[in-house]
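Start at 1 with the first residue, then count along the sequence. Note that the structure is predicted; figures quoted are calculated from it, not measured.
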Amino acid sequence: MLGALRRRWESYKYRFVPWIALNLRHKRRTLRFVPEESKDKIVSDKYVLETLLTTFRALFVNDLNRQMLLLNFLPEIKSKYPELQSNQCEIAKERRDKQQRHIFNPEEVLFNTLGFSITRRHSSLISAGTGVFVSKGFIPKGTVVSMYPGTVYEKYEPIFFQSIGNPFIFRCIDGVLIDGNDKGISKAIYRSCSKRDQLGPLKTSDVFWLTSDIRNPLAVGQYVNNCSTNKAANVCYQEFDVPKCFPIEFMQYLPNANYSHEVQRPLRCVVLVSLQNIGPGEELFSNYYTIIH
Ligand SMILES: C[S@@+](CC[C@H](N)C(=O)[O-])C[C@H]1O[C@@H](n2cnc3c(N)ncnc32)[C@H](O)[C@@H]1O
């Protein structure tokens with residue numbers, strides 16, 4: 001009996017620790033079953049990478065004026081942006097003037113790039129607080145919809161004080177934890193880790209998800225609510241390790257920072273992928289419970 005209970009507990013890859021502790025008894029219908037760990041991914045890492053690169057490139061080019069310090073610090077990356085070539089000075093100037101006339105906010109950039117935008121507002125579920133909605137456009141099944149921001153903790157790193165009363169601690173399948181709380185001690189720790197890793201004007205992570213002035217419009221996944229019997233999950237979480245080839249100028253949009261400076265493996269990110277087509281005005285719902293057989 002005890003052995004069976006233990007096996008069941010160990011196969012349970014619970015996503016949000018305090019939430020699960022309070023809800024273990026019910027909602028079996030809203031569990032997500034994954035046949036084995038390797039089959040957890042809905043889309044390939046290659047596709048996730050391509051989506052992030054396309055989005056971040058659009059955000060970067062839209063924001064060239066603010067990127068000049070970084071581009072002067074790393075002149076070799078200038079060649080990747082024809083918008084900046086010296087022999088195209090006039091064109092660049094014209095484009096910059098145009099941009100100044102039509103400054104797109106990050107949500108508009110997301111819409112122009114991926115065909116949808118998302119925003120936070122009061123959930124459609126009573127007493128579920130804030131949720132995330134499709135504000136504009138259409139999300140086809142199998143699209144990277146959002147990212148889960150936060151400080152990344154290895155299994156063995158201390159998170160006790162940060163976890164007290166914190167519903168934003170996400171558990172990855174391999175036990176890595178991501179604290180996506182944008183308030184209190186969690187916020188202070190993320191800021192400090194992000195600042196620690198910055199190299200002059202080269203920012204290795206995004207801190208704007210902690211503020212109302214967001215720069216990466218995908219970084220709101222921590223506000224996606226759990227599905228219920230009436231509202232089926234339309235997105236699911238998927239882990240993504242940032243590869244070595246990731247362009248350094250786009251790291252400023254990655255909404256994750258390692259708690260420890262010493263971590264040797266690639267930076268862990270988590271994206272949310274759509275499980276079905278999602279239309280404008282719909283709220284995103286994930287599944288906080290995943291069982292891996
Ligand atoms: C990761 S947070 C999601 C963001 C949260 N809605 C907020 O406004 O801060 C998880 C918390 O949201 C609430 N929540 C999520 N899904 C819910 C649901 N289906 N019904 C009621 N509350 C929910 C619970 O309080 C849970 O601890």
Side-chain angles (χ1 to χ4, degrees), residues 49-114 117 146-152 180 182 186-220 240-263 266-269 271:
L49 179 63
E50 275 167 15
T51 308
L52 296 184
L53 292 182
T54 309
T55 310
F56 294 170
R57 191 182 201 287
L59 290 168
F60 187 81
V61 169
N62 183 61
D63 195 31
L64 276 181
N65 285 345
R66 255 199 297 230
Q67 303 297 337
M68 290 322 281
L69 202 60
L70 174 65
L71 289 162
N72 291 333
F73 181 67
L74 295 168
E76 60 279 13
I77 59 175
K78 280 187 182 169
S79 58
K80 290 202 246 170
Y81 301 94
E83 295 86 346
L84 285 166
Q85 297 304 299
S86 52
N87 59 353
Q88 293 185 356
C89 243
E90 280 311 304
I91 303 171
K93 188 177 173 305
E94 202 179 299
R95 282 205 184 145
R96 272 204 297 277
D97 290 349
K98 243 191 205 164
Q99 265 187 353
Q100 271 160 1
R101 267 179 272 133
H102 307 280
I103 298 170
F104 294 111
N105 67 41
E107 275 187 26
E108 288 170 329
V109 175
L110 182 64
F111 178 74
N112 296 339
T113 313
L114 299 185
S117 58
S146 183
M147 299 182 80
Y148 195 98
T151 310
V152 181
D182 54 13
S186 305
K187 177 178 178 173
I189 289 175
Y190 182 87
R191 268 192 194 284
S192 146
C193 295
S194 177
K195 196 81 189 156
R196 173 201 64 201
D197 295 343
Q198 186 173 338
L199 297 163
L202 178 65
K203 296 184 177 113
T204 55
S205 53
D206 169 39
V207 288
F208 291 95
W209 64 272
L210 295 165
T211 71
S212 54
D213 173 28
I214 56 146
R215 298 281 161 88
N216 172 1
L218 293 172
V220 291
F240 173 73
D241 287 337
V242 179
K244 276 206 177 92
C245 65
F246 198 82
I248 50 176
E249 68 273 28
F250 295 163
M251 287 170 78
Q252 60 181 300
Y253 300 115
L254 292 173
N256 299 99
N258 282 323
Y259 176 70
S260 165
H261 191 48
E262 261 84 65
V263 176
L267 178 68
R268 168 63 52 81
C269 288
V271 296

Would you please name every residue forming a side chain to side chain contact (heavy atoms under 4.5 Å, CB included) with [X], sequence neighbours left out?
| X | result |
| --- | --- |
| Tyr259 | Thr151, Tyr153, Glu157, Pro158, Gln162, Ile189, Cys193 |
| Thr51 | Tyr47, Thr55, Leu114, Val144 |
| Leu53 | Leu49, Phe246, Pro247, Phe250 |
| Asn258 | Val152, Val263, Leu267 |

Once you round to the nearest 0.5 Å, how far does [atom1] of [X] lie from [atom2] of [Y]?
| X | Y | atom1 | atom2 | value |
| --- | --- | --- | --- | --- |
| Met251 | Gln198 | CE | CD | 11.5 Å |
| Ser205 | Tyr190 | OG | OH | 4.0 Å |
| Leu52 | Leu254 | CG | CG | 7.5 Å |
| Glu249 | Ile77 | CD | CD1 | 4.0 Å |
| Asn62 | Gln67 | CG | CD | 10.0 Å |

Pair up each side-chain donor or acceptor in residues 211-218 with any protein partner under 3.5 Å, not counting sequence neighbours, and list the distances.
| from | atom 1 | to | atom 2 | distance (Å) |
| --- | --- | --- | --- | --- |
| Thr211 | OG1 | Phe208 | O | 2.8 |
| Thr211 | OG1 | Asp213 | N | 3.1 |
| Asp213 | OD2 | Arg215 | NH2 | 3.0 |
| Asn216 | OD1 | Leu218 | N | 2.9 |
| Asn216 | ND2 | Tyr253 | O | 2.8 |

Inset, instruction - Can you see which heavy atom on Ser117 is nearest to which on Glu107, and at what distance? - result: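 What the structure gives for the nearest pair is CB-O, 3.6 Å.
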Inset, instruction - Write down the atom of Trp209, the atom of Ala219, and the distance for their closest heavy-atom approach. - result: CB-O, 3.8 Å
Legend entry - Arg268 with Asp241: basic N within carboxylate O range, under 4.0 Å: yes
Legend entry - Side-chain (Ser186) to main-chain (Asp182) donor-acceptor, under 3.5 angstrom: no
Inset, instruction - Ignoring hydrogens and angles, tell me if any N or O in the side chain of Asp63 forms a donor-acceptor pair with the backbone of Leu59 under 3.5 Å. - result: no
Legend entry - Contacts of type salt bridge (Lys or Arg N to Asp or Glu O under 4.0 Å), residue Glu108, not counting sequence neighbours: none
Legend entry - With sequence neighbours excluded, residues passing salt bridge (Lys or Arg N to Asp or Glu O under 4.0 Å) with Arg191: none
Inset, instruction - Could you walk me through whether Val242 and Asn256 pass the side-chain contact (heavy atoms from CB on, under 4.5 Å) test, one step at a time? - result: CA-CA 10 Å; Val242 179; Asn256 299 99; over 6 Å; no
Inset, instruction - Using a 4.5 Å cut-off on heavy atoms from C-beta on, say whether the side chain of Leu210 contacts that of Lys187. - result: yes
Under the rule for side chain to side chain donor-acceptor pair (under 3.5 Å), what residues qualify as partners of [X], not counting sequence neighbours?
| X | value |
| --- | --- |
| Thr113 | none |
| Asn105 | none |
| Ser146 | none |

Legend entry - Any pair counted as salt bridge (charged side-chain N to carboxylate O under 4.0 Å, His left out), so long as it reaches residues 194-207, sequence neighbours left out: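 Sorted result for residues 194-207: empty, none.
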